[in-house]
S.K.: 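Sending over a structure as structure tokens; questions will come in a sec.
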Amino acid sequence: MLLGTLEQSFIFAVMVLGVYISYKILDFPDMTVDGSFPLGAAVAAASIVKGVNPVLALILAMAAGAAAGFITGMIHVKLRVTNLLAGIIVMTGLYSINLRIMGKSNIPLFSVKHLFNGNVSAIVVVAVILLIVKLGMDFLLKTKFGFALKALGDNESLIISLGLNEKTLKIYGLMLANSLVALSGAVLAQYQGFADVGMGTGTIITGLASIIIGDALFGKKKVIKISMMVIFGTIIYRTIIALSLKVGMNASDLKLITSALVVIIIFLKEKKHLLKGGIVNA
């Protein structure tokens, strides 16, 4: 159970890193991820059954996710649709697109060659993928583009005053975020041996739960990078889910557990903040 939980944590951590970019860095509650996650799975599965190399299938999935993020960004910045509604519109449309790509609601991968039916251990494969994504994100956030993204989420007026195009930056950020979410979906499809059109339901709340846990436990520790904070939060979240199943809770209750967990953590964090503020004022 421990090994399986760790493998799944590494896969979902890639998705959570994408959600972190949109939700925390861009301050953009992007509902697109509920559609781009199965989009990545659909593109990867449909490509693999047609003989495409599994690694190339991951790249194609990322490109599809980036396209979804681009559409959301364009609807938001060009049509002046609110960020939440723009994401919902694209997420809804992606359901039909995913069905078109797959041709049916489910594509099995048990009889075709993919990343997890070779000689390399699954934990090694997912660890390498997560490490590449982590190092890439760490590098990106240290670049001029990365600093501009963080500044955009904190103070959009500052970006405008510096002569940078805040609309283009926002679109690039959404493309990057959704490409990582789609990559996670593509890896999960190969890991579990099938892609399903409904596998993205609750992606945003899963990502937020992991981010909130990581931020609550490790957000104040300067020695821990953002990417590691997100990874630790994902591992803890997946462990809680695994333990919930271990003690006999139904799999159908996982979404309820996640929602309750998010509310409890937010409540405890807010209570701690209020207590701290009371002590300081006293």
Side-chain angles (χ1 to χ4, degrees), residues 10-44 55-78 83-84 86-87 89-91 94 129-156 159 164-188 200 203-204 206-208 210-211 214-215 225-231 233-234:
F10 286 177
I11 295 172
F12 281 102
V14 176
M15 176 271 292
V16 180
L17 286 169
V19 174
Y20 186 89
I21 291 173
S22 58
Y23 177 71
K24 293 289 283 186
I25 294 180
L26 292 178
D27 193 23
F28 193 109
D30 186 16
M31 293 296 295
T32 311
V33 298
D34 272 28
S36 57
F37 188 80
L39 173 65
V43 170
V55 177
L56 179 58
L58 297 183
I59 297 174
L60 293 175
M62 292 184 70
F70 174 79
I71 295 172
T72 299
M74 290 295 289
I75 292 175
H76 173 61
V77 303
K78 297 297 183 181
N83 48 22
L84 187 62
I89 290 171
V90 177
M91 175 195 69
L94 282 176
I129 293 173
L130 177 59
L131 180 62
I132 293 173
V133 173
K134 177 203 177 308
L135 294 177
M137 183 172 173
D138 289 342
F139 172 77
L140 181 69
L141 292 180
K142 292 180 180 178
T143 63
K144 181 179 178 181
F145 174 75
F147 283 118
L149 277 183
K150 289 188 285 187
L152 177 63
D154 292 334
N155 190 342
E156 188 171 318
I159 292 296
L164 298 175
N165 191 323
E166 81 285 359
K167 295 179 180 179
T168 301
L169 272 175
K170 191 171 293 187
I171 292 174
Y172 284 159
L174 291 173
M175 290 175 66
L176 175 61
N178 281 280
S179 68
L180 293 182
V181 173
L183 171 61
S184 179
V187 175
L188 181 63
T203 298
I204 183 68
T206 298
L208 292 180
S210 302
I211 291 170
D215 186 48
K225 292 185 177 181
I226 289 174
S227 57
M228 284 306 302
M229 178 196 78
V230 171
I231 293 170
T234 307

S.K.: Which atoms form the tightest heavy-atom contact between Val43 and Ala64, and what is the distance?
M.R.: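 For Val43 and Ala64, the tightest heavy-atom pair comes out as CG2-CB, 3.7 Å.
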S.K.: Quick check: do Thr206 and Met15 have side-chain heavy atoms less than 4.5 Å from each other?
M.R.: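 Side-chain contact under 4.5 Å: yes.
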S.K.: What closest approach, in Å, do Leu94 and Ala68 show between heavy atoms, and which atom pair accounts for it?
M.R.: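 For Leu94 and Ala68, the tightest heavy-atom pair comes out as CD1-CB, 4.0 Å.
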S.K.: Give, for atom OG of Ser184 and atom CG of Leu130, the distance between the pair rounded to the nearest 0.5 Å.
M.R.: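 Taking OG in Ser184 and CG in Leu130, the distance rounds to 9.5 Å.
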S.K.: How long is the span from the OG atom in Ser210 to the CE atom in Met229, to the nearest 0.5 Å?
M.R.: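 The OG atom of Ser210 sits 10.5 Å away from the CE atom of Met229.
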S.K.: Are Asn178 and Phe70 close enough that some pair of their side-chain heavy atoms sits under 4.5 Å apart?
M.R.: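 Not in contact.
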S.K.: To the closest 0.5 Å, what do you measure between CD1 (Ile71) and NZ (Lys78)?
M.R.: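 Those atoms lie 15.0 Å apart.
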S.K.: Hey, are Lys134 and Asp138 close enough for a salt bridge, meaning a charged N less than 4.0 Å from a carboxylate O?
M.R.: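 A salt bridge is present here (some side-chain N lies under 4.0 Å from a carboxylate O).
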S.K.: With a 4.5 Å limit on heavy-atom distance, are the side chains of Asn155 and Ile159 in contact?
M.R.: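 Result no, sub-4.5 Å side-chain heavy-atom pair not found.
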S.K.: Look at the side chain of Thr143 and the backbone N and O of Gly146, then say whether any donor-acceptor pair between them is shorter than 3.5 Å.
M.R.: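 Such a contact is found between Thr143 side chain and Gly146 backbone.
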S.K.: Drop me the distance from Leu17's CG to Thr234's OG1, to the nearest 0.5 angstrom.
M.R.: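 So the CG of Leu17 and the OG1 of Thr234 are separated by 7.0 Å.
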S.K.: Take atom CZ of Phe145 as the centre, draw a 6.0 Å sphere, and report whether it contains more than 12 heavy atoms from other residues, nucleotides or ligands.
M.R.: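 Enclosed: over 12 neighbouring heavy atoms sit under 6.0 Å from CZ of Phe145.
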S.K.: Using side-chain heavy atoms (C-beta onward) and a distance below 4.5 Å, is His76 in contact with Leu174?
M.R.: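 With C-beta onward as the side chain, the pair stays apart.
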S.K.: Is Ile226 close to Ile25 at the side-chain level, that is, under 4.5 Å between some pair of heavy atoms?
M.R.: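 The answer is no; the side chains never approach within 4.5 Å.
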S.K.: Quick check: closest heavy atoms across Gly18 and Ala177, and the distance to 0.1 Å?
M.R.: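 Distance-wise, the nearest heavy atoms are O-CB, 3.2 Å.
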S.K.: Which distance, rounded to the nearest 0.5 Å, do you find between the CD1 of Ile89 and the CE of Met91?
M.R.: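 Going from the CD1 atom of Ile89 to the CE atom of Met91 covers 10.0 Å.
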S.K.: Restricting to non-hydrogen atoms, name the atom on Ala13 and the atom on Ile231 that form the minimum distance, rounded to 0.1 Å.
M.R.: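 Taking Ala13 first and Ile231 second, the nearest heavy atoms are CB-CG1, 4.2 Å.
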S.K.: Mind checking whether Ser227 and Val230 have side chains closer than 4.5 Å, heavy atoms only?
M.R.: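 Ser227 vs Val230: side chains apart.
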S.K.: Applying side chain to side chain contact (heavy atoms under 4.5 Å, CB included), name anything that partners Leu208, two or more places apart in sequence or on another chain.
M.R.: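 Per chain and number, Leu208 pairs via side chain to side chain contact (heavy atoms under 4.5 Å, CB included) with Val19, Tyr23, Ile204.
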S.K.: State, without any angle test, whether Ser22 and Asp30 hold a side-chain donor-acceptor pair at a distance under 3.5 Å.
M.R.: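 Side-chain D/A pair, Ser22 to Asp30: absent.
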S.K.: With side chains defined as the heavy atoms from C-beta onward, is the minimum distance between Leu26 and Asn83 less than 4.5 Å?
M.R.: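 A side-chain contact is absent here, since even the closest heavy-atom pair is not under 4.5 Å.
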S.K.: Do Met137 and Ile21 touch side chain to side chain, with heavy atoms closer than 4.5 Å?
M.R.: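 The answer is yes, as the side chains (C-beta and beyond) meet within the 4.5 Å cut-off.
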S.K.: Can you give me the closest heavy-atom contact between Ala186 and Ala44, atom names plus distance?
M.R.: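 Closest heavy-atom pair between Ala186 and Ala44: CB-CB, 3.6 Å.
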S.K.: Quick one: pull up CD1 in Ile11 and CD1 in Ile129 and give me the separation to the nearest 0.5 Å.
M.R.: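 Reported value, rounded in 0.5 Å steps: 7.5 Å.
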S.K.: Identify the two heavy atoms, one from Leu149 and one from Gly173, that lie closest to each other, and give their separation to 0.1 Å.
M.R.: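 Of all heavy-atom pairs spanning Leu149 and Gly173, the closest is CD2-CA, 4.0 Å.
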